[in-house]
Every structure is written in structure tokens, then in C-alpha cells.
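A short write-up of the structure that comes next.
Heavy-atom basis, side chains included; hydrogens, waters and symmetry copies ignored. Start at 1 and go down the list; that is how both ligands and their atoms are numbered.
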Amino acid sequence: MIEPTRRQTLGGLAALAALPASVRAAPPAPASLDTLARKGGRRFGSAIAWNPRNADSGSVQNRAYAALVQRECGLVVPENEMKWQWLRKSPDSFDFTAMDGIVGWAKASGLGVRGHTLLWHRPKWFPGWLNDYDFGANPAAEAERLLTTHIRTVTARYGGIINSWDVVNEAIDHDRNAPIETSLSRAMGSPEAVLDLAFHTARDAAPGAELVYNDYMSWEPAHAKHCADVLRLLEGFRKRGTPVDALGIQSHIEMFSLDPATGVGPYREREWRAFLDDVVGMGYRLLITEFDVKDKALPSDVAVRDAKVADYTRRYFDLMLDYEQLGDILAWGMVDKYSWLQGFAPRDDGREVRACPYDDAYQAKPMRAAIAASLGAAG
Ligand code: G3I
């Protein structure tokens with residue numbers, strides 16, 4: 001074949017440009033992940049940050065990232081900006097600057113917003129002052145005041161746009177196999193008292209909203225105990241009449257080893273389905289709230305890795321989409337280089353984790369195609 005010269009190519013482009021717009025229309029853009037999700041009555045979204053000091057981040061300030069989110073998503077969730085460590089620098093103040101920034105941008109972009117999180121019930125993620133707080137002569141009343149004030153203030157501010165809240169995030173202590181103790185639970189007498197108050201307050205303050213317990217139990221063998229603990233917690237909510245509507249399944253799925261039977265990471269399909277069956281059997285709905293993939297066990301080669309990550313993703317989404325109780329689906333970031341995993345769970349070979357649907361050049365990866373295929377098949 002004779003390659004066209006640059007001049008011939010440019011001439012061809014000029015001729016094309018001379019055609020009427022109706023004739024030279026570009027090929028249709030592929031349906032967005034949100035469009036595909038909506039065919040099944042769901043929305044697709046992503047975490048996003050507010051980072052005025054660094055536009056080279058997965059943030060609103062990064063125009064390329066923001067444009068990608070606007071194109072692919074129907075909703076966003078603040079990666080950090082709604083957590084107590086961001087909002088509550090002191091017991092008496094709220095700093096809504098970053099959160100207001102995300103919400104303002106989302107509204108202007110026609111995107112919904114999820115609330116994450118009203119209470120991350122772990123001392124490590126409390127603001128320092130809350131861990132050391134002097135609850136005074138009537139500790140239970142003071143803890144209740146702090147928690148209910150927080151939930152009422154935040155839900156009131158964003159009630160117009162947020163209709164699904166991670167009311168409580170990650171409340172289980174894996175050493176004790178029981179809900180974790182914090183300064184709040186010690187003041188109120190038990191972790192259950194804190195969690196129940198959080199949900200009752202949220203129901204009262206945001207009556208029409210979906211109230212979610214969010215956690216990272218997952219389908220890999222290492223998570224078996226955590227799944228059992230979460231079931232016990234969810235059963236307790238039902239027995240006590242705690243108003244929890246759904247389980248948020250974070251879905252940071254992981255390949256820390258490879259199963260020769262499949263070539264991807266080991267996962268417990270039968271047990272995971274049994275877990276989901278138990279959850280929906282108690283009347284809970286499901287969400288995928290923080291999807292990404294840890295590729296630690298995969299070789300360095302990018303093409304091999306991307307193919308395996310996509311394969312693992314497809315298996316996961318196909319299973320999850322079997323559940324009509326599954327609602328919104330959110331990725332924990334859209335572009336590899338901005339993923340929390342680069343810092344929190346780096347690869348042994350020092351290469352970037354290929355965790356997200358898009359690469360660092362904003363090109364769709366096989367993972368994106370896998371998600372689209374699963375959504376398309378389910379819708
Ligand atoms: O804001 C500072 C910045 O000023 C400083 O330059 C930088 C230096 O390290 O630190 C910045 O804060 C970090 C922040 O991420 C923003 O990058 C915090 O130290 C770091 O602790 C924080 O980590 C977040 C983590 O939650 C803890 O809040 C991750 O971004 C975020 O992805 C992660 O998200 C959690 C979900 O909320 C719950 N489920 C698990 C998920 C992953 O851990």
C-alpha cells in the first residue's frame with residue numbers, strides 16, 4: 001500500500017472540511033458509563049476532590065479530569081471533603097469551603113452528589129480534638145449533642161442535592177470482631193448507641209434520603225470474617241429498628257495473588273453470593289460506592305495487567321449486576337495517577353497501580369470497556 005503524503009492527507013482533510021456538516025458528522029461518541037447504567041435504573045459516578053492548591057489531582061480544579069467526570073458520570077462523591085477531619089477543625093466550627101466548592105461545581109454541571117460520610121467511626125479518621133475530647137460531667141449527653149449537631153448541620157446544608165448518604169463508614173473492629181470503640185462510644189456506653197443515633201438523626205433530618213452503612217468487606221477469601229461481622233451488624237440494625245436502607249459495598253477489589261483456575265485473583269463467588277443474598281434478604285439495598293482494582297499480583301507489563309484487571313472487573317460487575325437491588329455505582333477515581341492506591345497500596349515493582357477506568361493520558365482502558373459491557377448486558 002502506498003502511504004499518502006502529508007500534503008495529500010491535508011488536501012483530503014480540506015476537502016472533508018468543505019463538505020456540509022450533515023455529511024461529515026463525526027462518528028457517534030460511545031454511550032457514557034452513566035447512560036449505560038441508567039438503562040438499568042442506576043447512576044454511574046466517581047469520587048472527586050477539591051484542590052485549589054494543586055490542579056494536578058483528581059479534582060474539580062483539573063480541567064481535563066473535571067471534563068472526563070462530566071462526560072462519563074451522573075453523580076460524584078467527595079473523596080475527602082465531607083469527612084470530620086476536613087469539616088470539623090474544632091468542636092465549635094464547620095468549614096464548608098471545599099465541600100461547597102464540589103457541590104457548586106456539581107450543580108453547575110448537572111451532576112448529583114452522594115454524601116460520604118457523616119461518621120467514619122474510627123479513631124484514626126476522627127479529628128484529633130474528638131479523640132481527646134473532654135465530654136464533661138454528662139458524657140452521653142455531650143456526645144449526643146456533638147454527633148446530632150454535626151449530622152443535622154451537614155444534611156441541612158446539602159439536603160437539596162444529596163439524596164444518598166454514607167451515614168456510617170467502616171465501624172467494625174477486626175481484632176474484636178465487634179463494632180469499634182471510639183471516644184463517642186465510650187461516652188455513650190456502646191458503639192451501637194452511636195451508630196443507631198447517627199442513623200436515627202439522619203432519618204429525622206433527611207427523611208426522603210437513602211441511608212447507607214458503607215464498608216470494605218469484599219469477595220476475596222481474606223474478607224470472609226469481615227463479611228460475617230457485617231452481617232451481624234446489619235442484623236443488629238434490623239433487630240433494633242435502626243433506619244438503614246442499604247449496604248454500601250466499597251468494592252476496592254484486589255489481586256494479591258493469582259488463582260491458576262482463572263488467571264485472576266481468587267474470589268469466593270458462591271460465598272459472596274450467599275453474603276449478598278443474606279443482605280438483600282434482610283431488606284437492604286446495595287450500592288457499589290468506591291470501585292477500583294488492586295493489581296499487586298500482576299506482572300509489570302501494562303497490556304497484560306490491563307487485560308487481567310478488565311477480566312476481574314467484568315467478573316465482578318456481572319455478578320453484582322445480577323442483583324436488582326443494586327443501585328448507584330461509583331468508581332473511587334477515574335484516572336490511575338490520582339488514585340489513593342498509588343500512595344496507600346503501591347506495587348512492589350514501583351510502577352503505577354492500574355486501578356481506574358482511564359490511564360494517565362485520559363485514554364479509556366480495557367477496564368472501562370469491561371464496565372460498559374457489563375452495564376450494557378445488564379441494562
Ligand atoms: O490534604 C493533605 C495535603 O495538604 C498534603 O499535601 C498531603 C500530603 O500527604 O496530605 C493531604 O491529605 C491526605 C488526603 O488523603 C488527600 O490526599 C491525607 O493525608 C490522607 O490521609 C487522605 O487519604 C484519604 C483516606 O480516605 C483517608 O481520609 C484518601 O485520599 C481517600 O481516598 C480515602 O478514601 C477512603 C474512603 O473515604 C473510605 N473507604 C476507603 C477509602 C480508601 O482508603
Side-chain angles (χ1 to χ4, degrees), residues 45-62 65 69 75-89 95-99 101-102 113-131 150 154 162 164-174 180 182 195 198 212-220 222-223 226-227 229-230 233 246-254 256 286-296 328-346 352-353 355-357:
S46 172
I48 195 162
W50 179 260
N51 201 344
R53 280 173 304 165
N54 181 14
D56 186 15
S57 54
S59 64
V60 172
Q61 284 74 15
N62 178 341
Y65 189 86
V69 169
L75 79 165
V76 291
V77 59
E79 182 166 357
N80 289 306
E81 291 75 0
M82 192 177 259
K83 295 169 183 172
W84 281 63
Q85 287 185 348
W86 269 254
L87 289 183
R88 304 298 306 277
K89 295 285 178 343
D95 180 355
F96 289 114
T97 316
M99 195 54 215
I102 289 179
V113 182
R114 283 205 75 240
H116 173 83
T117 168
L118 294 173
L119 180 64
W120 191 343
H121 197 244
R122 281 183 179 233
K124 184 177 182 189
W125 303 118
F126 274 17
W129 65 260
L130 184 54
N131 282 322
H150 181 86
V154 177
I162 297 181
S164 177
W165 296 91
D166 290 339
V167 177
V168 175
N169 187 55
E170 298 173 21
I172 290 171
D173 178 341
H174 292 114
I180 207 160
T182 63
L195 308 190
V212 179
Y213 172 71
N214 192 48
D215 210 334
Y216 58 84
M217 69 282 128
S218 189
W219 69 347
E220 297 85 1
H223 285 263
H226 192 181
C227 289
D229 293 343
V230 168
L233 185 72
L247 175 65
I249 300 171
Q250 293 185 4
S251 307
H252 298 292
I253 62 174
E254 54 200 35
F256 288 150
L286 308 170
L287 294 89
I288 293 177
T289 51
E290 305 181 15
F291 178 77
D292 54 24
V293 180
K294 296 175 194 153
D295 65 4
K296 219 175 176 49
D328 292 336
I329 298 171
L330 293 99
W332 206 240
M334 294 295 283
V335 171
D336 287 336
K337 64 179 162 183
Y338 303 129
S339 167
W340 69 290
L341 290 169
Q342 309 305 350
F344 279 73
E352 248 177 24
V353 183
C356 301

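- For Asp328, the salt bridge (Lys or Arg N to Asp or Glu O under 4.0 Å) partners two or more places apart in sequence, or in a different chain, are Arg43.
- By the side-chain contact (heavy atoms from CB on, under 4.5 Å) test, Ser46 is found to be paired with Tyr65, Cys73, Met334, residues two or more places apart in sequence or in another chain being considered.
- Contact residues of ligand 1 (protein heavy atom closer than 4.0 angstrom to a ligand atom; sorted by chain and number): Arg53, Glu79, Asn80, Lys83, Trp86, His116, Trp120, Trp125, Asn169, Glu170, Gln250, His252, Glu290, Trp332, Trp340, Phe344.
- For the ring-ring contact (aromatic ring centres under 6.0 Å, His included) test, residues two or more places apart in sequence or in another chain that qualify with His116 are Trp332.
- Between Gly333 and Pro357, the shortest heavy-atom contact is O-CD, 3.8 Å.
- Evaluated for a side chain to side chain donor-acceptor pair (under 3.5 Å) with Gln250, the options Asp215, Asn169, Asp166, Thr289 yield exactly one hit, Asn169.
- Seen from the ring of Trp84, Arg88 counts as a face-on cation partner, given the 6.0 Å and 45° thresholds.
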